[in-house]
There are 2 protein chains.
Amino acid sequence: MSSCETCVVRNRAICSGLDNKEITALNSMGRRRSVSAGEPLIWEDDDSLLVANVIDGVLKLVTSTEDGREQIVGVAYPSDFIGRPFGQTSRASVVALTDARVCVFARNDFDRFAREHPELEHKLLERTLSELDRTRSWMMLLGRKTAPEKIATFLLEMSERLAETGCQPSFGPARRFSLPFSRQQVADVLGLTIETVSRQFTKLKNDGVIELPSRREVEIVNRGALLALAG
Amino acid sequence: MSSCETCVVRNRAICSGLDNKEITALNSMGRRRSVSAGEPLIWEDDDSLLVANVIDGVLKLVTSTEDGREQIVGVAYPSDFIGRPFGQTSRASVVALTDARVCVFARNDFDRFAREHPELEHKLLERTLSELDRTRSWMMLLGRKTAPEKIATFLLEMSERLAETGCQPSFGPARRFSLPFSRQQVADVLGLTIETVSRQFTKLKNDGVIELPSRREVEIVNRGALLALAG
DNA sequence: TCCCCACCTTGACGCAAGTCAAAAACGGGC
DNA sequence: GCCCGTTTTTGACTTGCGTCAAGGTGGGGA
């Protein structure tokens with residue numbers, strides 16, 4: 001594992017706030033790992049029992065029914081924490097959407113270290129509370145919003161989330177971005193089918209609300225219209 | 001505020017693990033409050049900024065759109081923690097479903113106390129992680145399950161959650177229980193309409209899977225069938 | 001450069017769940 | 001025990017989204 005000192009998420013991930021000695025200790029417990037797009041990091045009901053920080057790339061958290069239906073229940077971006085410390089084994093698989101680099105720890109090691117470092121547990125708590133907030137607003141979307149509302153909300157969220165990681169150091173949401181999702185994956189986030197997603201994208205393009213320069217690229221032409229549609 | 005020593009959730013809520021001195025300090029910051037069924041404790045985007053422990057009763061966490069659609073995004077039972085410490089104001093209202101008693105704290109006071117007591121923060125972290133797990137499995141339900149699957153899953157979850165609080169000290173899920181939800185509220189939990197909920201209940205009754213002795217009472221006659229339907 | 005294959009789009013059609021409307025059943029209060 | 005308002009159930013009809021089935025299309029590899 002290369003040194004945390006050069007880590008790009010050192011000051012944003014839960015490791016921020018640890019002093020050099022602590023970072024060294026944590027460093028010695030973990031290791032870096034690369035995951036290619038499409039490759040799983042954790043299987044549903046896995047017993048490999050690991051947790052991780054995302055350094056680079058985007059990963060999906062997904063649950064599936066026996067008959068193959070999938071629902072993406074979370075998306076992890078750089079500096080996000082992955083896995084289920086303390087007790088339970090995670091009920092969701094983690095799969096890389098893009099090529100990604102993560103910093104992984106055995107869950108037991110991490111649990112012990114965390115319990116000895118309240119500052120780290122506090123960071124993890126704040127993160128978990130935020131994730132719970134985000135997840136709850138996604139429940140509203142899944143349970144009560146129509147397909148057009150879902151798509152508009154999704155595009156707005158993407159333009160905000162991807163701006164933080166984006167190349168340009170500009171503030172505010174990105175006007176143009178590259179989706180880390182295929183159409184099927186967008187469907188799995190929104191609780192729709194791929195056909196419905198495709199039709200809604202086409203409709204927004206025809207209405208002049210967005211441009212679709214390529215399969216993965218999106219440009220928001222009329223943000224006001226999207227906001228109105230998102231409800 | 002009556003003493004924590006007699007509190008029925010003293011050993012289950014996040015206060016468990018605090019010693020007598022700490023409990024006394026926490027005690028002096030909070031106060032007990034009764035909330036009648038239907039009465040709100042926290043408004044959406046509230047600035048009253050409070051957090052609470054549930055002592056008794058059941059409360060719903062709900063978000064709504066401008067045009068009046070509602071989605072219940074969480075349910076709080078005795079010993080559960082309510083509210084959003086550290087920073088953000090909560091995006092959801094909290095409303096009592098049954099008459100309830102809670103132990104409330106000003107958020108600032110609670111935040112300060114929590115940061116000084118890692119054991120309490122740890123308890124809160126474990127609770128928040130569990131709630132996130134539960135919320136994520138509910139996303140799968142909202143996004144990918146059919147109405148019959150949703151109803152079956154809901155009834156099974158109710159029979160487990162309400163068993164813990166139930167009068168009889170029996171173990172395992174309750175065979176018969178009293179729903180803390182109206183039909184409309186069941187619909188708001190499952191992302192359905194009241195009519196669909198009613199029709200599915202009637203169908204399960206006609207199929208001999210459940211009995212409905214009164215509006216709020218449910219008796220599970222054939223748990224196996226429910227498990228199969230839940231998917 | 002071109003070919004291939006996975007991914008995406010488009011169209012026709014069906015159905016699960018929503019909507020609208022009215023009747024029925026409950027249960028709290030007198 | 002009997003009202004009366006509220007909640008629930010039931011029925012008839014509609015519709016948004018899913019399903020099924022053909023085409024397109026773009027980008028990576030030979």
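First the proteins, then the strands, lettered A, B, ... as listed; each starts at 1. As the structure is a prediction and not an experimental result, all values here were calculated from the model. These numbers come from the heavy atoms of this one structure, side chains and all, not from hydrogens, waters or symmetry mates.
- Across the protein-nucleic acid pair, L142(A) atom CG and dA17(C) atom C1' stand 17 Å apart, rounded to whole Å.
- Atom-to-atom, CZ of R199(A) to P of dC13(C) comes out at 13 Å; the value is rounded to the nearest Å.
- Read 5' to 3', the first and last nucleotides of DNA chain D with an atom closer than 4.0 Å to a heavy atom of chain B are dT7(D) to dA12(D).
- We find that CD of E195(A) is positioned 14 Å from P of dC7(C), with the value rounded to whole Å.
- Comparing T202(B) and T196(A) against DNA chain D, the residue whose closest nucleotide sits nearer the 5' end is T202(B).
- With hydrogens and angles disregarded, no donor-acceptor distance shorter than 3.5 Å links the side chain of R161(B) to the backbone of L156(B).
- With I72(A) as the partner, the side chain to side chain contact (heavy atoms under 4.5 Å, CB included) test is satisfied by one option alone out of V189(A), V95(A), L61(A): V189(A).
- In this structure, Q185(A) atom CD and dA6(C) atom P are separated by 16 Å, rounded to whole Å.
- A donor N or O paired with an acceptor N or O is found under 3.5 Å between the base of dA25(C) and the side-chain atoms of R215(B).
- Judged by distance alone, with hydrogens and angles left aside, the side-chain atoms of E160(A) form no donor-acceptor pair with the main-chain N or O of E157(A) at under 3.5 Å.
- Under the side chain to side chain contact (heavy atoms under 4.5 Å, CB included) test applied with L226(B), the options V221(B), T153(B), L155(B) reduce to a single match, L155(B).
- For T193(B), a side-chain nitrogen or oxygen approaches OP1 or OP2 of dG18(C) to under 4.0 Å.
- In this structure, the side chain of R144(B) does not engage the main chain of R69(A) through any donor-acceptor pair within 3.5 Å.
- Contact of Q184(A) with dC7(C) (side chain to base): no donor-acceptor pair of N or O atoms is detected under 3.5 Å.
- Residue whose closest nucleotide on DNA chain C sits further toward the 5' end, between S198(A) and A147(B): S198(A).
- Between K205(A) atom NZ and dC8(C) atom P the separation is 14 Å, expressed in whole Å.
- For the pair R183(A) CZ and dA6(C) C1', the interatomic distance rounds to 14 Å; values are reported in whole Å.
- Put simply, CD1 on I194(B) is 14 Å from C1' on dA21(C), counting in whole angstrom units.
- Using a cut-off of 4.0 Å between Lys/Arg side-chain N and Asp/Glu carboxylate O, K60(A) and D188(A) are scored as not salt-bridged.
- Distance CG (L190(B)) to P (dA17(C)): 12 Å, rounded to an integer number of Å.
- If you look at F81(B) and F105(B), their ring centroids are not closer than 6.0 Å.
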